[in-house]
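Counting starts at 1 for both ligands and their atoms, following the listed order. Only a predicted model underlies this, so the values are computations on that prediction, with no experimental measurement involved.
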Amino acid sequence: MTGSALPPLLLPRALIDPLRTDLPAADAEGLLAVRLEHHAGLISGIQPYQARPGEQLPLALTPLVEPHAHLDKAFTWAEHPNRAGSMAGALAANQQEHLSRSQEQVGRRGERALQRAWRQGSRAIRSHVDSLGPGAEASWEALLGLQQQWRDRLTLQLVALVPVRHWATEAGERLARRLSGEAGSVLLGGVLGAPFPPTPEDRAGLLALLRLADGLGCGVDLHVDESAAGGGAGVALVARLVRQERTAIPVTCSHSCSMSLLPARRGQDLAELMAEAGLAVVALPTTNLWLLGHRDGNTPVARPMAPIRQLQRAGVTVAVGGDNVQDPWFPGGDFDPLELLRLTVPAAHLAPWQRQGLMPFTTAASRLLGLAWDGVLRQGAPADLVVLAAGSWSDLLARTPQRRVLRQGTWLPGLDPAPLLPLLEALPR
Ligand SMILES: [Zn+2]
């Protein structure tokens, strides 16, 4: 088959067909120079490339996966800031924002978020949606609309976010039944284990959630143990109930922070229990670094965050997400998957030149979301790439790289320039 050839690229070996044993070995950074061909939107050829001495090649990845976002509240920091940076302040500002939330507002926030994510190299997003309170209905209407409008460009999964005890109520059951009837991908979620360890009501809510979700065939994704206290009591409860109930649908524990403060042996036992229960974890370093560990105005020393490497060693699927973008829970972020990777390297000691360091953004995140494509390039895979103006991992970590994104063999438009750029360009040279 003939196809269009791309210029030679440096690709992580972890993102190229493992069955291609004819290819040369990767270099010490896990990278391999290749020439790719594509035809009708699909990869039609992968050939090794011998770089000339001194020739620099661009590093490329397959598009990344955002496993945990909040599109309904994105970009609300300016009107609803939380300058104290506390969990309580974030919740209060979030609830205040709900009072005036409209479908049109959420539609605009979601469209802006999806444009930025898509053009910056994301191919799928799982977003939680505030599902109790005055703005809940408007949020679902807007985001279900965007899910359909964007389905050919970007997979959008939506998770109902409520206090977990809500699922034990009649209203909770009605909500679950209604959402499970939607055409697109919808999951059930909830908040558990923060700010306080689970209560008997939380346990009853979690049990109701697991039974409802299993019966309706909806996946579950919880906000669990987003706290410095509690020692992983929330994830332990989820693991125990999932095993007791023999829950068959996939269950994800987003955050899973407080277990990181357990002594090593107890942390390992808990990670193994989670692996046995088949739980997956989404680590959210940005929001955790910002909101957790506040104490007497001091710079925090203990940084509660999902213990990614310990969980991986126990056999748990772990993905890394961006969580909050310019909302009361975190003032920064931009739906840029490369910025998230750049931050996670120092925050969690995840090295992208190791397979386990790259997986949480690519193949493991794809598996966690249940996507049809694992993000590995092989004959017949989507001709999807993020090509970087960076020639090495160090180059990528040195500065946010410019990039071009290829989707189904077509180059996407880049982001519009920053609104303030003309002011800078008008300054004297
Ligand atoms: Zn979240």
Side-chain angles (χ1 to χ4, degrees), residues 65-77 80 82 85-95 97-98 101 106 109-110 113 117 122 124-133 135-136 139-140 143 156-164 166 186-195 209 219-228 230 234-235 238 251-258 260 279-292 304-306 308 318-335 337 340 343-344 347-348 360 365 368-369:
V65 174
E66 171 54 84
H68 187 119
H70 290 266
L71 301 193
D72 54 344
K73 63 189 79 165
F75 310 115
T76 57
W77 171 272
H80 302 277
N82 162 36
S86 65
M87 289 281 283
L91 186 60
N94 195 154
Q95 286 171 341
E97 179 263 313
H98 246 261
R101 190 184 283 193
V106 177
R109 293 171 193 164
S122 299
I125 298 185
R126 176 179 286 182
S127 175
H128 297 252
V129 186
D130 292 348
S131 300
L132 204 60
S139 302
W140 275 99
L143 293 176
L156 177 59
Q157 299 184 349
L158 300 172
V159 190
L161 175 58
V162 294
V164 77
H166 185 63
V186 170
L187 296 90
L188 308 182
V191 183
L192 177 72
L209 166 62
V220 168
D221 193 333
L222 293 153
H223 280 69
V224 54
D225 294 341
E226 183 181 5
S227 171
V235 290
V238 178
V251 177
T252 298
C253 292
S254 286
H255 287 294
S256 303
C257 306
S258 61
S260 66
L279 304 183
V281 166
V282 179
L284 300 162
T286 322
T287 298
N288 297 157
L289 287 173
W290 176 243
L291 288 178
L292 299 183
M305 177 194 314
I308 300 173
V318 184
V320 174
D323 206 357
N324 301 98
V325 171
Q326 300 168 48
D327 69 19
W329 305 82
F330 183 62
D334 193 28
F335 295 101
L340 181 61
L343 176 127
T344 307
L368 193 147
L369 265 67

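Not a single N/O/S atom of His255, whether from backbone or side chain, sits less than 2.8 Å from the Zn ion (ligand 1).
We find the OG1-CH2 distance between Thr286 and Trp329 to be 15.0 Å, quoted to the nearest 0.5 Å. Separation of atoms CG (Leu284) and CG (Asn324) is listed at 8.5 Å; rounding is to 0.5 Å. Here Arg126 contributes atom CZ and Leu158 contributes atom CG; the two are 10.5 Å apart, rounded to the nearest 0.5 Å.
Within the 3.5 Å criterion, the main-chain N or O of Ser86 finds a donor-acceptor partner in the side chain of Asn82.
The Zn ion (ligand 1) is closest to atom OD1 of Asp323 (considering only N, O or S atoms). Distances from the Zn ion (ligand 1) to the N/O/S atoms of His223 are shortest for NE2.
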